[in-house]
There are 2 protein chains.
Amino acid sequence: MARKGYPGGMTATPTPPPANPAAPPLPGAADDWLRLDQQICFTLNAASRAFNGVYRVVLKDLGLTYPQYLVMLVLWEHGALPVKKLGEQLRLDSGTLSPLLKRLEAAGLVRRERSARDERSVEVRPTEEGTALRRRALAVPRRIVAATGFEIDEIRDLGARLHQLTTALDKAADGA
Amino acid sequence: MARKGYPGGMTATPTPPPANPAAPPLPGAADDWLRLDQQICFTLNAASRAFNGVYRVVLKDLGLTYPQYLVMLVLWEHGALPVKKLGEQLRLDSGTLSPLLKRLEAAGLVRRERSARDERSVEVRPTEEGTALRRRALAVPRRIVAATGFEIDEIRDLGARLHQLTTALDKAADGA
DNA sequence: GGCCATTTGGTTGTGCGCAATTGAATTGTG
DNA sequence: CACAATTCAATTGCGCACAACCAAATGGCC
């Protein structure tokens, strides 16, 4: 196998529980919890990968991967940033960013240079070419939104909810 | 850097547009689209990783990673499955599953054996130990749900929406 | 039986995500 | 100034995700 399509028609949710509100096998039953868990954790994971897949297709023209695109979005917005700030914005650490930024530099989209004020810090700034790429990137969002089949407001709402979720999860992960 | 916490307090959404419904700077403005794009694609990505982080913590006791847990969930539900079916359920291909299943086998949680009926197919079935692990896994969902800070219904609703999203995105990725 | 397309897993290569370590630069303190 | 603690980036190691390619088994067809 190892092919892109999911021929069988891809269930995306293994046996989605019919959500029969009338006769659930006891709401507190552990089996039920486990199935709900399967539902939600799997679903979010799948949605993320599906999104990734669409971006992969759309971004191929720009020669960017999805995370690289995220980095460029931040750089287009802020101009130039130290790796540290970039990591805070994107919620990524140096282990992920260092090689990624090297690839962007190899592609000629970005330059990395030690800050003069603080030799520990590395400033990342888009090159001429990197800045120019923004024009072509303007076509991306529409295609993505179209692919979702959602209305703008729905997307915004979903985004807000996910943001809220992320905040709660981060707090829980730190606390535990 | 390269540490787990995000000391600076983690913005998670770079400059979240105030979502001011009264005076948006022209709804069709390209900049706006790009920022919305940044919002949604980043947010989903971040939520997925945050989820992953919480599962990482919770699953450490069981010695499972998040994707391995997903595999075990399916196996607990269905008993034994060929790799192909597993891939359909989980939306993963052999390139991901083969090494993952080997690790689960090395951990003694799973056995893989060629089907007698069809020598191409490999049946994956939980071992005694793998089946036993289910009891301990029953504690997981509650902790996850608690970490989200969401009500069950909210989670269900979010799940449904994400499922819908995934379906649309898959269709778009195939079509494009 | 012989041939060929299809199905099924596996392997390789590239890139992301994160924990842990290292090393240099900076800051704080006596 | 000397010395310890902190900050920042890079590196290493492991696991996941996916494309591309491969070999074996199967099934239809003549």
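Letters A, B, ... are given to chains in the order of the sequence lines, protein chains preceding strands, and every chain is numbered from 1. Reckoned from all heavy atoms, side chains included, excluding hydrogens, waters and symmetry mates.
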Inset, instruction - Determine, step by step, whether V110(B) and M72(B) satisfy the side-chain contact (heavy atoms from CB on, under 4.5 Å) criterion, reporting the C-alpha distance in whole Å, the side-chain angles of both residues, the deciding distance to 0.1 Å, and the verdict. - result: CA-CA 9 Å; V110(B) 143; M72(B) 293 309 294; 4.1 Å; yes
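- Contacts of Y66(B) classified as ring-ring contact (aromatic ring centres under 6.0 Å, His included), with partners at least two apart in sequence or in another chain: Y55(B).
- Ion pairing between a basic and an acidic side chain is recognised when a charged N comes within 4.0 Å of a carboxylate O; R114(B) and E119(B) show no such pairing.
- Note on P99(B): nothing from the nucleic acid sits closer than 4.0 angstrom, heavy atoms only.
- In this structure, CD of E88(B) is placed 12 Å from C1' of dT7(C), rounded to the nearest angstrom.
- Nearer the 5' end of DNA chain C, as judged by each residue's closest nucleotide, is the contact made by R112(B), out of R112(B) and P67(A).
- The distance between atom CG of N45(B) and atom C1' of dC18(C), rounded to the nearest whole Å, is 14 Å.
- Taking the side chain as every heavy atom from C-beta outward, L73(B) and F42(A) never approach each other to under 4.5 Å.
- The phosphate of dT11(D) (OP1 or OP2) has a side-chain N or O of K102(A) nearer than 4.0 angstrom.
- Distance CG (L92(B)) to P (dA19(D)): 12 Å, rounded to an integer number of Å.
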Inset, instruction - Report the C-alpha distance between L92(B) and R49(A) in whole Å, list the side-chain angles of each, state the deciding distance to 0.1 Å, and finish with yes or no for side-chain contact (heavy atoms from CB on, under 4.5 Å). - result: CA-CA 10 Å; L92(B) 293 172; R49(A) 297 209 316 279; 3.3 Å; yes
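- The S98(B) side chain lies nearest to dT11(C) when the options are dT11(C), dC18(D), dC18(C).
- In this entry the distance linking NZ of K60(A) with C1' of dA19(D) reads 10 Å, nearest Å.
- Remark: S98(A) OG to D93(A) CG distance equals 8.5 Å, nearest 0.5 Å.
- Remark: C1' of dT8(C) and CZ of R114(B) are 8 Å apart, rounded to the nearest angstrom.
- Atom NZ in K85(B) sits roughly 13 Å away from atom P in dT7(C) (whole-Å rounding).
- Taking 3.5 Å as the limit, the base of dG10(C) and the side chain of S94(B) contain a donor-acceptor pair of atoms between them.
- With contacts defined as side-chain heavy-atom distances shorter than 4.5 Å, the pair E113(A)/R125(A) qualifies.
- When the C1' atom of dC18(D) is taken as reference, atom CZ of R91(B) falls 11 Å away, rounded to whole Å.
- Per the geometry, NZ belonging to K84(A) stands 4 Å off P belonging to dC8(D), to the nearest Å.
- Base contact: T96(A) has a heavy atom under 4.0 Å from a base atom.
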What's touching nucleotides 23-27 of chain C from the protein side, N or O pairs under 3.5 Å?
from    : atom 1 : to      : atom 2 : distance (Å)
dT26(C) : OP1    : E119(A) : N      : 3.2

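- Ranking dC18(D), dG10(C), dG15(C) by closeness to the R56(A) side chain, first place goes to dC18(D).
- Remark on DNA chain D: of its neighbouring residues V122(A) and A50(A), the 5'-side contact belongs to V122(A), judged by nearest-heavy-atom nucleotide.
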